[in-house]
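Right, one structure below, let's go through it.
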Amino acid sequence: EEPVHNFKMATGWAGGPLSTIGAQAFADNVEQISNGRIKVQVFTGGALGNALKVSETVKNGVAEMGHTWMGYDWGKDSTTVLFGGYAGSPDSERMLHWLYQGGGVELQREFREEKFEVISFPLFIRTAEVFLHSRKPVKTLEDLQGLKLRTAGAWLEMSASLGAAPVTTPGGDVYPMLERGAIDATEWGTPWENISPGFHKVAKYVIIPGIHQPVAPFELVINKTAWGTLSDQDKQAVETAAKLTTLNSWLRIGQEDAKAMKFYVAEGNEIIELDPEVQFKAQEIAKTWAEKQATDNEWFARVYKNQQEFLALWEDADSYRKVLTRK
Amino acid sequence: MQAILNLIDRIIGSTGVVGAWLVAPLVLASCYEVIARYVFNTPTIWAFELGYMLTGANFLLGMAYALRERSHIRIEIFYQHFTPRVRAIVDILTYVVIVIPICAWLTYGLYEYAINAFLSRETTGMSAWNPPIWPFRVSFALGFLALALQALAELIRAIQILRNGVEHDSPDVADDIFTHQAETP
Amino acid sequence: MSLFPLYMFPLLFALLLVGVPVAFAMMFTATVFGYMVFDQALIHQFIEKISDVASNYVLAAVTLFVFMGCMLERAGIAKRLFEAMHLWTRRVPGGLALGTILMCIVFAASTGVIGATEVVVGLLAVPIMMKYKYDNGLMAGTICAGGSLGTMIPPSVVVVIMGPLAQVSVGDLLLGMIFPGLIMASLYMAYIVIRCIIQPSAGPVIHAGDEPELPLSEKLRITATALVPPMLMVFAVLGSIMLGLASPTEAAALGAAGAVLLTIFYGQFSLTVLHQAFLKTLRITAMIMTILLAGSMLTGIFIGSGGVILTEELVGASNLSPWGLLGVVLLMAFVGGAFLDWISVILIMIPMFTPIMVSMGFDPVWFCILFLIVIQTSYLTPPMAPAIFYLRGITPKSVTTVQMYKGVLPFIGLQVLTLILVMYFPNLVLWLPDKLLGFS
Ligand code: NA
Ligand code: NA
């Protein structure tokens, strides 16, 4: 049977897990769940439009669907950072619960439709990133002073508040700069995703956990006209496929990250866990930043409040969900 | 007619000079970043974004100037053997069918793109500097507007050639490089 | 199977042959076919492409290296440099061409952008080779092929873009390309010497009678004043990367500033000189980037109209052996590179074929380097031959474009020879990354 809907999907990805177990997995799932009525063709980053402006590509109808990280749009509205994850976000387990049980999905849909004129669902979720692949050991606040770390987006400002000397540079320059010591350290993605760029080959220390990005939910954006052509049943198929893909990505990354950490040790890297003082300091800085945003952005205030209420509900979760285990 | 041509040439000359001199702040900003980072350990928050903006604005403003100076490359396998009249016809069709309509269309779209960014107070979102993006986008629109304008001047010239059958010998860019080289002591 | 994406090539080809400027021919083809695919949304796609290309900081290196070349040339340093090199190489057949390849290796090692290497070296080499009556074809081939070494000798913008697309470490690629890059450069030099021995008029030896031999001390003095300062500047570009002072893009800015300082040092600096250098930089970079922009628009339409799916279906239907498929893929890259710019070829083919190659048991790093070598040919193969466009931009009309196309042919052959060598001896690629990479 011929597909009823042939959709193009713009992404921001050149390859890697975001592409394979994110965008492409969604395309496979939605085709299966819709009994072949919806066929999605995935395009690499930058093929259809600008890799960092996928929501624009989709809103303008260049592609019917898109897979992106909402935080890329923070220049248009800082609320996107709350959905995309930042230093003040909870871990991925809590984030998933907020999204699917705490009202996050509904807020995301309403916010994106009202402010960006696209339909949005969570699609794919990253666990905590590697904080840094570093040429110097970093454990304390003292170690961070003047550390030349490469990063992007809002964390630039926040890491400067921690005393670091953040550097902005194009993605392609990161590797040679780290190799030669023009920068001391860089962040990138989760342990699994960082194997491919090979930073572990030129920087000895792997600094964890990713306090700058404890979680990163990604999103499916859909053109409103295209969405309107779907039957209720097909809309349901899209939602179900997105949720299934998101949960599967979380499971897979968890397993692959565990293997990746063993891999780094085997490669001769030294794993360093940041002192609690650094982790708490990062959260304080993020909190200050978020509260400032909330004062002059209604949407930010609304989503922030909802997240804070959810986190208050979960504040004792570790005591009843986590059992101590001996190594 | 000649007055119009001269006016356009002067306008594009000026946008070219503005675009060309953007390389100066590009060199300065990038070198300053290296010194600030390596010597003083205080990398800037603005050098990266300023760098790509100057690079982009430089070449966009230069498109029209490059057309005026005959710097846009064409494959000359057959073109160089055409008579001046045939060449003029190719050029007229190029400007009327391709360059002027596409540039006018893009200028209009890019103008709206810049206006929308201005009205929504959009910022770049690329770094902590995060400046408003509309001035950069104005350079997009200006670049294509200037290209359309220069194409209009070239169109008029090509029509003159078609009428007279004589080509004014346009200065070849490469030749002046070459002459200069040969003269250097 | 819809062949629609392929239909845009006859139109593009026709426009190019009639003599429509390359950038405009590509924009028009993209517009016509784009309207059929995207309808009203097309303008948004083009606007995004414009913003994408205009916001690419890596491209600043193109502008900066072009400016560096223009400034060096304005200062008269070019002439001194080549005259000095000439003192040492003039007794060798094709000496100036050999010197050019050596210059290209040095510049290639300090820049990752092909246009930059070629323009810098070309501005230095063209006038002097013409003065000594080198064969126009040999001159064009030497500069085009040598200039494109910029991507084959690290650092290289191409592998930096290729690595993530192939999910391969950029570090492995940068090291893996060293031997193939040096082999390619050596083949160029061997060819130049052999050709000029067989056909002395192609690269005339300057006889002792024409130019009396200077005493060694005089030679050294001239070399010190002419050769050493610019070489120091080149090494400053390379060194600032190697010593960890600067990113490759920033190193270009240091080089540009160094070129200005050198003109001051040589007493050639004035505001007029600076102004002229800025204007020429603008002409060259605007030409390069407009083609890049138009190519990016055209690629978007090719991909958006189903070009990738079509290619995959064609491969799937072919039922080839692993080596057969590898050959077909490289051939497709070769043909693709004749019509599209390198970014388009990589953007379309690498994500599509690397997983297939890996599943057939080939090493992805090795495959990427083979692909990179084919990308080298794309600079030289008509009709879309950026290396020739750059050369056209800096060469007087007396050297015809046809002479250029003919002149690069032997060098394309040498690139294919390098490709075959690397195919037969994968360790040329794989040995070095294995030995060298690591932290200390
Ligand atoms: Na290079
Ligand atoms: Na080519």
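Below, each value reflects all heavy atoms present in this structure, side chains not excepted, and no hydrogens, waters or symmetry copies. Chain letters run A, B, ... following the sequence lines, proteins first and then strands; every chain starts at 1.
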Checklist entry - Side chain, backbone, both or neither: which part of Leu147(B) has an atom under 4.5 Å from a heavy atom of chain C? => result side chain
Next on the checklist: Between Leu67(B) and Phe24(C), is there a side-chain heavy-atom distance shorter than 4.5 Å?
Outcome noted: yes
Checklist entry - Would you call Ile284(C) and Ser71(B) a side-chain contact if the rule is heavy atoms closer than 4.5 Å? => result no
Next on the checklist: Let's test your reading of the structure: which of Val18(C), Leu15(C), Val402(C) forms the most heavy-atom pairs below 4.5 Å with chain B?
Outcome noted: Val18(C)
Side-chain donor/acceptor pairs under 3.5 Å, residues 52-65 of chain C, sequence neighbours excluded:
from     : atom 1 : to       : atom 2 : distance (Å)
Ser55(C) : OG     : Ser51(C) : O      : 2.5
Asn56(C) : OD1    : Val58(C) : N      : 3.1

Item to check | For chain C, which residues of residues 94-101 of chain B have heavy atoms nearer than 4.5 angstrom | outcome: Thr94(B), Val97(B), Ile98(B), Val99(B)
Item to check | Which portion of Phe48(B) sits near chain C, non-hydrogen atoms under 4.5 angstrom | outcome: both
Checklist entry - Given that the side chain runs from C-beta out, which part of Phe67(C) has a heavy atom under 4.5 Å from chain B: side chain, backbone, both or neither? => result side chain
Checklist outcome for this item: Value for CZ (Phe59(B)) from OG1 (Thr285(C)), rounded to nearest 0.5 Å, stands at 9.0 Å
Checklist outcome for this item: Shortest non-hydrogen pair, Ala20(B) vs Leu279(C), comes out as CB-CD2, 3.9 Å
Checklist entry - When heavy-atom pairs shorter than 4.5 Å are enumerated against chain B, which of Tyr405(C), Phe278(C), Phe46(C), Phe28(C) gives the highest number? => result Phe278(C)
Item to check | Positions in residues 109-124 of chain B that reach chain C, provided some heavy atom is under 4.5 Å away | outcome: Gly109(B), Leu110(B), Tyr113(B)
Checklist entry - Rounded to the nearest 0.5 Å, how far apart are OG1 of Thr281(C) and CG of Leu22(B)? => result 12.0 Å
Item to check | side chain to side chain contact (heavy atoms under 4.5 Å, CB included) between Asn58(B) and Met289(C), worked out | outcome: CA-CA 10 Å; Asn58(B) 167 266; Met289(C) 307 267 213; 5.9 Å; no
Item to check | Nearest atoms (heavy-atom pairs only) where Met63(B) meets Ala286(C) | outcome: N-CB, 3.9 Å
Item to check | Closest non-hydrogen atom pair between Pro21(C) and Arg74(B), with its separation | outcome: CD-NH1, 3.5 Å
Checklist entry - What residues, two or more places apart in sequence or in another chain, satisfy salt bridge (charged side-chain N to carboxylate O under 4.0 Å, His left out) together with Glu33(B)? => result Arg37(B)
Item to check | Option in Leu274(C), Ile50(C), Leu293(C) with maximal non-hydrogen atom pairs under 4.5 Å from chain B | outcome: Ile50(C)
Item to check | Interface moiety of Ile102(B) toward chain C, non-hydrogen atoms closer than 4.5 Å | outcome: side chain
Checklist entry - Can you name the closest pair of heavy atoms from Trp105(B) and Thr31(C) and give their distance? => result CZ3-CG2, 4.1 Å
Next on the checklist: Heavy-atom cut-off 4.5 Å, strictly under: side chain, backbone, both or neither for Val90(B) against chain C?
Outcome noted: side chain
Checklist outcome for this item: Greatest number of non-hydrogen atom pairs under 4.5 angstrom with chain B, of Thr400(C), Val20(C), Thr401(C), Ile388(C), falls to Val20(C)
Next on the checklist: Can you tell me which portion of His44(C) sits under 4.5 Å from chain B's heavy atoms? Options are side chain, backbone, both or neither.
Outcome noted: neither
Checklist entry - Using non-hydrogen atoms only, which part of Ala24(B) is less than 4.5 Å away from chain C: side chain, backbone, both, or neither? => result both
Checklist entry - Which pair of heavy atoms, one from Val34(B) and one from Ala246(C), lies closest together, and at what distance? => result CG2-CB, 4.0 Å
Next on the checklist: Looking at every non-hydrogen atom in both residues, tell me the closest pair between Leu282(C) and Gly19(B) and how far apart they are.
Outcome noted: CD1-C, 4.1 Å
Next on the checklist: For Tyr38(B), is the OH atom crowded, meaning more than 12 foreign heavy atoms sit under 6.0 Å from it?
Outcome noted: no
